[in-house]
Amino acid sequence: MLPETGQQTLHTIDCHYTGPRRAAAYLVVENDHVAFIDNNTIHALPHLLKGLEDAGKTPDQVEYLIVTHAHLDHAGGTAALLAHCPNATVLAHERAARHIIDPSRLVAGAKQVYGEERYDELYGQVDPIEETRVRIVHDDESVDLGGRQLRILYTLGHAKHHFAVYDPGTNSVIAGDNFGNTYPDLQNGDRPFIFFCSAPTDFDAPEARKSVQRILDTGAETVHIAHYGTIPEPAAVTPDLLASIDRMEALQDDATSTDVSDDDLAEFCQRRVQEELYALYQDTGATLTDTDRRNFELDIWLNWNGIYWNATKARK
Ligand SMILES: [Zn+2]
């Protein structure tokens, strides 16, 4: 079903995660039927509710909170948003549902990784959710939103509990973190800068390549990613996206086989990931500035930690 001319049925909501245009949630609107796709964190709640209001919709019209995967910058606000949406059901991957119902392991893991202070700043309170309000969705399942059939596509590579959503209403895919990151404030070259996020603990390069292909194979005209926004010509950025997966994979192999000691491996991964991402950025014709370095910080951190995690496991 195609939207009526001029009727906007997919809305991007800026969650203001660490700054403007760093993390998005999406709102799918089919007449009086509404679904959120991703919800960032409890800090984003005012933005999510404002986005709903701006679309002319009310919380009781929200049928689904669809969570692409259980990372807290996608799922951390689920309980808080659900408390405002009395008719909503949470739709989650079969491997994510139990962590969304009982987030204690996710929270403990994130606190261990980030430390209490940084954790609070990034994520804040994450409450459990009643099991009866969560439904597992399976690969290739269609979710009916007022007659619009949203299709669930299990897509691994970034996380084992990840899916993307194909929306026939806009012929687009809402890809979560499985079609790379392309931040508006890091677009300073002659072509788009895009890279794959190899965050801990599930980065899997072959699966990531398959996921990119699966998203392209839907024939979607546009892809909407969490970090950040709409990719108007997905096929055009695919070579660079795949190159970034190749680079992270090569680096992971180096980190696994290097004679650098275990004690020095973290520093090795950090330095190499930073070099690789800066090089990919400069390949687009951009000049690396101090502002760019600050904008890169969290992503370099996530990528090197993911590589370090995998290499450490492989070296055992
Ligand atoms: Zn993620």
Side-chain angles (χ1 to χ4, degrees), residues 68-71 73 95 109-110 112-114 154-164 175-183 186 189 191-217 223 225-227 234-235 237-284 286 288 292-293 295-316:
T68 61
H69 62 302
H71 287 165
D73 56 330
R95 289 201 187 100
Q112 200 183 1
V113 166
Y114 290 96
Y154 275 25
T155 41
L156 311 181
H158 171 75
K160 283 183 185 147
H161 40 80
H162 196 300
F163 59 69
D177 285 349
N178 249 325
F179 207 83
N181 292 0
T182 172
Y183 294 105
L186 283 171
R191 65 177 200 274
F193 170 58
I194 188 165
F195 65 96
F196 198 84
C197 177
S198 63
T201 52
D202 300 336
F203 172 59
D204 182 325
E207 287 294 340
R209 290 184 198 101
K210 275 192 232 167
S211 293
V212 168
Q213 191 56 48
R214 187 164 191 208
I215 289 166
L216 290 171
D217 285 347
V223 173
I225 58 173
H227 313 284
V237 300
T238 297
D240 280 354
L241 178 58
L242 293 175
S244 76
I245 296 171
D246 296 346
R247 299 276 279 262
M248 289 303 126
E249 184 183 42
L251 208 161
Q252 183 179 302
D253 293 345
D254 286 355
T256 302
S257 61
T258 177
D259 50 15
V260 164
S261 73
D262 289 352
D263 287 345
D264 293 331
L265 190 65
E267 195 276 332
F268 174 89
C269 292
Q270 183 172 14
R271 181 171 48 78
R272 289 288 309 277
V273 166
Q274 178 168 302
E275 282 168 9
E276 294 286 355
L277 288 180
Y278 286 171
L280 289 168
Y281 180 60
Q282 286 163 318
D283 277 353
T284 69
L288 186 71
D292 296 337
R293 286 177 210 273
N295 287 331
F296 258 117
E297 255 170 39
L298 182 57
D299 290 275
I300 288 172
W301 193 89
L302 285 167
N303 273 37
W304 83 250
N305 269 280
I307 298 299
Y308 176 64
W309 178 278
N310 284 358
T312 302
K313 218 165 63 176
R315 282 157 66 109
K316 276 186 183 141

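Numbers here are sequence positions counted from 1. Here the structure is a predicted model, which means the values were calculated and not measured.
- Taking the six-membered ring where the residue is Trp, the centroids of His71 and His161 are separated by under 6.0 Å.
- To the nearest 0.5 Å, the span separating CZ on Phe195 from CG on Leu241 amounts to 10.5 Å.
- When side chains are defined from C-beta on, Thr201 does not count as touching Asn305, because their heavy atoms never get closer than 4.5 Å.
- Put simply, the side chain of Thr284 never gets that close to the backbone of Leu280: no donor and acceptor are under 3.5 Å apart.
- Between the Asn178 side chain and the Ser211 main chain, no donor and acceptor come within less than 3.5 Å of each other.
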Discussion item. Would Thr312 and Asp262 count as a side chain to side chain contact (heavy atoms under 4.5 Å, CB included) here? Give the steps.
Written reply: CA-CA 8 Å; Thr312 302; Asp262 289 352; over 6 Å; no
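- Screening Val212, Leu156, Ile245, Asp202 for a side chain to side chain contact (heavy atoms under 4.5 Å, CB included) with Glu207, the sole residue that qualifies is Leu156.
- Classified by interplanar angle (parallel below 30°, tilted 30° to 60°, perpendicular above 60°), the ring pair Tyr278/Phe296 is perpendicular.
- Minimum interatomic distance between Ala255 and Ala311 (heavy atoms only, all atoms of both residues): CB-CB, 3.6 Å.
- Using a 4.5 Å heavy-atom threshold, the side chains of Leu216 and Phe179 count as touching.
- In this structure, Asp246 and Arg209 have side chains that are in contact, with non-hydrogen atoms separated by less than 4.5 Å.
- Under the 4.5 Å side-chain criterion, counting only non-hydrogen atoms from C-beta, Leu277 is in contact with Met248.
- Taking the six-membered ring for Trp and thresholds of 30 and 60 degrees, His158 and His69 have ring planes more than 60 degrees apart, a perpendicular arrangement.
- Put simply, CG on Asp292 and CD on Gln282 are 9.0 Å apart, with the number rounded to the nearest 0.5 Å.
- You'll find the side chain of Trp304 stays beyond 4.5 Å of the side chain of Gln274, heavy atoms only.
- Here the side chain of Asp299 pairs no donor or acceptor atom with the backbone of Cys197 at under 3.5 angstrom.
- In this structure, the side-chain hydrogen bond (donor to acceptor under 3.5 Å, both in side chains) partners of Asp240, at least two apart in sequence or on a different chain, are Arg191.
- Taking 4.5 Å as the limit, some side-chain heavy atom of Arg272 sits within range of a side-chain heavy atom of Glu275.
- The shortest non-hydrogen separation linking Phe203 to Gln252 is CD2-OE1, 3.4 Å.
- Salt bridge Lys160/Asp204: absent, no basic N to carboxylate O contact under 4.0 Å.
- Arg315 is listed as a side-chain neighbour of Thr258, based on a closest heavy-atom distance under 4.5 Å.
- Under the 3.5 Å distance criterion, the side-chain polar atoms of Thr182 are matched with a main-chain donor or acceptor of Phe193.
- No side-chain donor-acceptor contact under 3.5 Å links Tyr183 and Asn295.
- A salt bridge is defined here as a Lys NZ or Arg NE, NH1 or NH2 lying under 4.0 Å from an Asp or Glu carboxylate O, and Arg293 with Glu297 fails to meet this definition.
- Atom OG1 of Thr256 is separated from atom NZ of Lys313 by 11.0 Å, given to the nearest 0.5 angstrom.
- In this structure, the side chains of Ile225 and Asp177 stay at 4.5 Å or more apart for every pair of heavy atoms.
- Glu267 contributes atom CD, which lies 10.0 Å from atom OG of Ser261 (distance to the nearest 0.5 angstrom).
- Checking side-chain atoms of Asn303 against main-chain N and O of Phe196 turns up a donor-acceptor pair under 3.5 Å.
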